[in-house]
Amino acid sequence: MKPKIDISSISNALADVLAEHFPDSTIYDNPNQQGTELPAWFINYIPGSTIKKAIDNRYWRNLHIDLVYLVEYDLPDLYDQYRAAAEILDEALETFKYTKDGQDYLIRTYDRTWKMDLSAMHYELRLDLRVSKETIKDPFMQRVDDLNETIT
């Protein structure tokens, strides 16, 4: 049986990986605008994620994620810190642990790439997940007696 996979649980699993490898960093699940404590990670979902129908009650869910790493801008070794963080994530995120209902699962990532701009390092990845939707079976008539009601 496949675990229920939702975005907040994926964010929690990714935050666990980031916290393990970057214990001094603050991890945010959204791009907050004020009060950011650096160094910091932001877990962002990139537009373009899809859900496609498969067989029966199963679907393919495709998520694009951007992990954004920020440190103080004026550090002399800024580029080296970003490159070191990308190297750590290259190894740590080939697969990562996802826990649901006390059971651990491994989720594989695809198309991992990283790039740096003037202020941040972006580590992008894709998840291809097979999910299933709980279906309600059409009720079958069990007894005819229930239909023989009278109004008095």
Are Tyr110 and Leu127 side-chain neighbours, meaning at least one heavy-atom pair lies under 4.5 Å? no
Considering only NZ, NE, NH1 and NH2 on the basic side and carboxylate oxygens on the acidic side, decide whether Lys115 and Asp117 come within less than 4.0 Å. no
When you look at Glu72 and Asp74, which way does the side-chain contact (heavy atoms from CB on, under 4.5 Å) test go after all the steps? CA-CA 6 Å; Glu72 293 293 335; Asp74 58 353; 4.1 Å; yes
When rounded to the nearest 0.5 angstrom, what is the spacing between CG in Leu129 and OH in Tyr59? 15.5 Å
Taking C-beta and beyond as the side chain, do Phe96 and Leu14 meet within less than 4.5 Å on heavy atoms? yes
For residues His122 and Trp114, determine if any side-chain heavy atom of one lies less than 4.5 Å from a side-chain heavy atom of the other. no
What residues form a salt bridge (charged side-chain N to carboxylate O under 4.0 Å, His left out) with Asp66, not counting sequence neighbours? none
Is there a side-chain contact between Thr99 and Tyr105 (heavy atoms, below 4.5 Å)? no
Between Arg61 and Leu63 the two heavy atoms that sit nearest each other are NE-CD2, 3.9 Å
Between Arg126 and Asn62, which heavy-atom pair has the shortest distance, and what is it? CD-ND2, 3.4 Å
Please tabulate, one pair per line, all N/O donor-acceptor pairs under 3.5 Å involving side-chain atoms of residues 15-27, not counting sequence neighbours.
residue : atom : partner : partner atom : Å
Thr26   : OG1  : Glu37   : O            : 3.4

Counting C-beta onward and ignoring hydrogens, is there a side-chain heavy-atom pair between Tyr79 and Gln81 closer than 4.5 Å? no
Tyr82 side chain vs Ser119 backbone, donor-acceptor pair below 3.5 Å: yes
Above 12 or not: heavy atoms from other molecules or residues under 6.0 Å from OH of Tyr73? no
Non-hydrogen side-chain atoms of Ile10 and Tyr45 separated by less than 4.5 Å: yes
Could you tell me whether Arg112 and Glu124 have a side-chain N and a carboxylate O separated by less than 4.0 Å? no
I'd like to know if the side chain of Asn12 pairs up with that of Tyr98 as donor and acceptor (distance under 3.5 Å, no hydrogens or angles considered). no
Would the number of heavy atoms belonging to other residues, nucleotides or ligands and lying under 6.0 Å from NZ of Lys53 be above 12? yes
Under the salt bridge (charged side-chain N to carboxylate O under 4.0 Å, His left out) test, residues paired with Asp80 that sit two or more places apart: Arg83
Nearest 0.5 Å, please: how far is NZ in Lys97 from CD1 in Ile107? 12.0 Å
Locate the shortest heavy-atom distance separating Ser9 from Lys100; write the atom from each residue and the value. OG-NZ, 3.5 Å
Provide the closest heavy-atom pair for Leu70 versus Ala120 in the form atom of the first, atom of the second, distance. CD2-CB, 3.3 Å
Would you check if Leu67 and Trp41 make a side-chain contact, meaning some heavy-atom pair closer than 4.5 Å? yes
Run the side-chain contact (heavy atoms from CB on, under 4.5 Å) check on Val68 and Asn44 step by step: do they pass? CA-CA 8 Å; Val68 180; Asn44 298 324; 3.5 Å; yes
Quick one: do Leu75 and Ile88 end up in the same hydrophobic cluster if we chain Ile, Leu, Val, Met, Phe, Trp and Tyr together by side-chain heavy atoms under 4.5 Å apart? yes
Would you call Asp90 and Tyr123 a side-chain contact if the rule is heavy atoms closer than 4.5 Å? yes
Given the rule that I, L, V, M, F, W and Y join up when any side-chain heavy atoms are under 4.5 Å apart, are Ile46 and Ile43 in one cluster? no
